[in-house]
Amino acid sequence: MPKNIAKKMAHRMEDQNLSTLDFRFAFEPEFIFTYTPDALRGACEQSNMVARLFVLRMGEMLALTPDTPTVERAGFLRLLSDRDWLQKMIGLARAEEAFNYDADESCYAELNATRLAKIAAYEAARPSRRVAIVAKEGGGPDSDKATADKKPEQKAERKEGQAEPEHFLHGFRKGQLQITNFITRCQILRVGARKKGRQQWTDDAPLIVRDVSGFKTGEVVISYSGQELRPQDIVTWSKVLHMAVTSPLGTKVSVSKAKLLSARGGGDSTNSANAAREEIERLQKSYFKVTVRCSRTIAAIAAGSPDDNSIQDAKKTGVLSMSFHLLGQTTTSGRLWTIHVEPVVRLLFGKGISSWFDERVYKTIKGEFAKRLYLLYYSHVVCYPLTLTELRKYLGSTMAEDSKFKGAVDAAHRELAKRGAICEGWKLEKSARRYNAVAYVVARPDRTDAGESEENAEAA
């Protein structure tokens with residue numbers, strides 16, 4: 001069977017599975033209580049859309065489920081009420097961690113012991129791996145020995161001084177791009193004419209963003225200095241971070257040039273290599289200052305950094321400030337790139353802070369404008385109706401004429417519908433949900449309506 005036909009059949013089967021699942025939630029929602037944790041994980045591994053549907057529908061059930069007596073549940077050690085069970089299963093469906101098991105599961109103790117043993121083995125082998133990396137970068141035998149000997153001493157000093165522990169990035173999945181919402185939901189990530197030069201902002205005259213989709217004006221304020229960022233820059237950034245998940249943040253990550261070129265797409269030609277190098281340099285020079293005054297988002301960031309007192313204090317003060325470069329210093333040696341990733345980058349990823357995008361769908365979309373619109377729409381749970389003025393504000397378009405901008409937005413919607421990213425029948429019309437303001441009313445194929453996102457509706 002030709003590959004293109006097989007792919008179409010697989011996509012059609014996925015659509016049918018989503019429709020069947022949504023139908024069952026609508027007419028016989030009790031079926032979900034027959035699932036075990038392993039069964040739910042298996043279902044969610046089919047696709048990101050299936051996982052999202054489970055999270056959405058079980059969340060709706062949780063809001064309507066009263067307190068019930070605790071009973072024995074398959075796959076869990078202790079008795080759970082319906083509400084407790086739903087909360088745990090929602091957490092499993094989100095699958096933000098590679099080790100996606102609940103502490104109350106009957107298999108947790110055995111699997112966690114295996115995981116800890118693997119981590120211990122990884123840590124024990126780190127000095128020898130570091131020696132191998134130094135050797136590749138051209139270091140001599142003496143420098144290798146010094147590096148191997150120095151690392152354990154540094155760890156001992158860190159432990160005695162009780163300094164900040166090592167941190168790793170989490171939630172990066174094969175076949176998906178994970179990108180922070182602070183970038184995909186505002187004009188930091190721009191679209192413009194390919195031949196037109198990129199705009200530049202400096203420390204003295206930065207780009208100030210006060211409107212981020214999903215937040216009220218001023219809840220997230222971003223000061224950005226550096227060169228204009230476009231979708232391919234952020235895809236490359238996501239790929240570099242994905243390759244860095246096994247290394248502690250704050251250390252250097254060695255990336256094969258061939259592997260990065262393959263991951264970012266565009267082939268392995270000299271032009272692609274030069275483009276990738278320019279993207280990395282652009283990311284390295286980009287500097288962000290982010291101030292968050294949204295208690296929900298501060299709590300989400302704090303949940304991922306329980307050992308950082310300054311971030312935990314922000315929950316009390318109601319203000320969290322952070323500054324960072326998207327990538328740190330970069331050096332090259334032959335076909336090996338060594339890139340530094342700052343520890344603070346971890347604060348940009350987590351529940352409600354970042355989103356996942358289906359890489360297969362993203363690669364099929366033609367045109368930078370349509371790709372940018374896809375990143376905006378899919379950073380929310382659903383497509384909230386947005387006006388042309390709002391789309392101009394969030395997409396960061398450099399088009400001066402309204403008519404040309406509308407034409408580009410219409411073409412982008414047609415492209416997304418053609419690729420199956422949004423449903424056919426999208427319209428620019430008066431929206432009752434926007435008090436009859438003229439807005440784009442769009443639905444996604446993994447949803448049955450064009451409802452609100454999980455964020456504040458008035459903040460879209």
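All figures in this text were calculated on a predicted structure; none of them were measured in a lab.
G352 and N181 get closest at one heavy-atom pair: O-ND2, 3.4 Å. Heavy atoms only, all atoms of each residue included: Y377 and L416 are closest at CD1-CD1, 4.2 Å. For the residue pair C186 and I222, the shortest heavy atom distance occurs at SG-CD1, 4.1 Å. In terms of heavy-atom proximity, P306 sits nearest to A303 at CD-O, 3.8 Å. Heavy atoms only, all atoms of each residue included: S323 and K289 are closest at CB-CG, 4.0 Å. The two residues S431 and A439 have their closest heavy-atom pair at CB-CB, 4.5 Å.
Of the possible polar contacts, none joining the S262 side chain to the K259 backbone as a donor-acceptor pair under 3.5 Å is found. Side-chain atoms of S238 do not come within 3.5 Å of backbone N or O of I234 as any donor-acceptor pair. The backbone N or O of G214 lies less than 3.5 Å from no partner atom in the side chain of R185, so there is not a single donor-acceptor pair. Without hydrogens or angle criteria, T36 side chain to A39 main chain gives a donor-acceptor distance under 3.5 Å. Between the side chain of Q227 and the main chain of R282, no donor-acceptor pair closer than 3.5 Å is present.
Annotation: ring pair (Phe, Tyr, Trp, His ring centres under 6.0 Å) contacts of F288 (sequence neighbours excluded): Y224, F324. With sequence neighbours excluded, no residue forms a ring pair (Phe, Tyr, Trp, His ring centres under 6.0 Å) with Y435. Residues passing the salt bridge (Lys or Arg N to Asp or Glu O under 4.0 Å) test with D84: none are found, sequence neighbours excluded.
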Tell me, with the steps shown, if D402 and K406 meet salt bridge (Lys or Arg N to Asp or Glu O under 4.0 Å).
CA-CA 6 Å; D402 290 341; K406 181 182 179 302; over 6 Å; no

L177 and W237: CA distance, side-chain angles, deciding distance, side chain to side chain contact (heavy atoms under 4.5 Å, CB included) verdict:
CA-CA 10 Å; L177 301 169; W237 181 56; over 6 Å; no

Applying salt bridge (Lys or Arg N to Asp or Glu O under 4.0 Å), run through R230 and D233 and close with a yes or a no.
CA-CA 6 Å; R230 294 185 182 174; D233 298 314; over 6 Å; no

Show, in sequence, the C-alpha distance, side-chain angles and deciding distance for E390 and R434, and conclude whether the salt bridge (Lys or Arg N to Asp or Glu O under 4.0 Å) test is met.
CA-CA 12 Å; E390 289 165 339; R434 300 303 307 276; 2.7 Å; yes

Between E415 and R419, does a salt bridge (Lys or Arg N to Asp or Glu O under 4.0 Å) hold up when you go through it step by step?
CA-CA 6 Å; E415 173 65 16; R419 305 301 171 184; 2.6 Å; yes

Evaluate side chain to side chain contact (heavy atoms under 4.5 Å, CB included) for F182 paired with S354, printing each intermediate quantity in order.
CA-CA 8 Å; F182 293 142; S354 58; over 6 Å; no

Q284 vs H325, test: side chain to side chain contact (heavy atoms under 4.5 Å, CB included). Steps then yes/no.
CA-CA 6 Å; Q284 179 185 340; H325 293 272; over 6 Å; no

Take Q199 and R190 through the test side chain to side chain contact (heavy atoms under 4.5 Å, CB included) and record every step on the way to the result.
CA-CA 10 Å; Q199 194 168 348; R190 299 196 153 206; 3.6 Å; yes

As a quick check of understanding, evaluate ring pair (Phe, Tyr, Trp, His ring centres under 6.0 Å) for Y35 and F54, giving each step before the final call.
CA-CA 12 Å; Y35 273 69; F54 271 111; 5.6 Å; yes

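R83 places none of its side-chain heavy atoms less than 4.5 Å from the side chain of T68. Using a 4.5 Å cut-off on side-chain heavy atoms (C-beta onward), V209 and I188 make contact. Side-chain contact between Y378 and T184: absent, with no pair of heavy atoms (C-beta onward) separated by less than 4.5 Å. Looking only at side-chain heavy atoms (C-beta outward), V71 and W85 stay at 4.5 Å or farther from each other. Within the 4.5 Å cutoff, the side chain of R41 has heavy atoms near those of the L92 side chain. Side chains of S272 and R264 form a contact here, defined as non-hydrogen atoms less than 4.5 Å apart. A 4.5 Å side-chain heavy-atom check between Y287 and W201 finds every atom pair outside the cut-off. A 4.5 Å side-chain heavy-atom check between L391 and L376 finds at least one atom pair inside the cut-off.
At a threshold of 4.0 Å, the pair R372-E368 does not count as salt-bridged, since none of the basic side-chain nitrogens sits closer than that to a carboxylate oxygen. Residues K239 and E359 are paired through a salt bridge, judged by an N-O separation under 4.0 Å between the basic side chain and the carboxylate.
More than 12 heavy-atom neighbours from other residues, nucleotides or ligands sit within 6.0 angstrom of NZ on K393. In E72, the CD atom is not crowded: 12 or fewer heavy atoms of neighbouring residues, nucleotides or ligands sit closer than 6.0 Å. Within 6.0 Å of CZ in R78 there are more than 12 heavy atoms belonging to other residues, nucleotides or ligands. Other residues, nucleotides and ligands place more than 12 heavy atoms under 6.0 Å from the NZ atom of K363.
Atom CG of D358 is separated from atom CD1 of I365 by 9.5 Å, given to the nearest 0.5 angstrom. Taking CD of Q312 as the reference point, atom OG of S305 lies at 7.5 Å (rounded to 0.5 Å). With rounding to the nearest 0.5 Å, the separation of OG1 in T70 from CG in L79 is 4.5 Å. Between atom CE of residue M58 and atom CG of residue L86 there is a gap of 7.0 Å, rounded to the nearest 0.5 Å. With values rounded to the nearest 0.5 angstrom, K427 atom NZ is found 14.0 Å from Y440 atom OH. One distance of note links CG of L189 with NZ of K371; it measures 12.5 Å at 0.5 Å rounding.
Because its NZ or CZ atom is not both nearer than 6.0 Å to the ring centre of F25 and within 45° of the ring axis, R57 does not count as a cation-pi partner of that residue.
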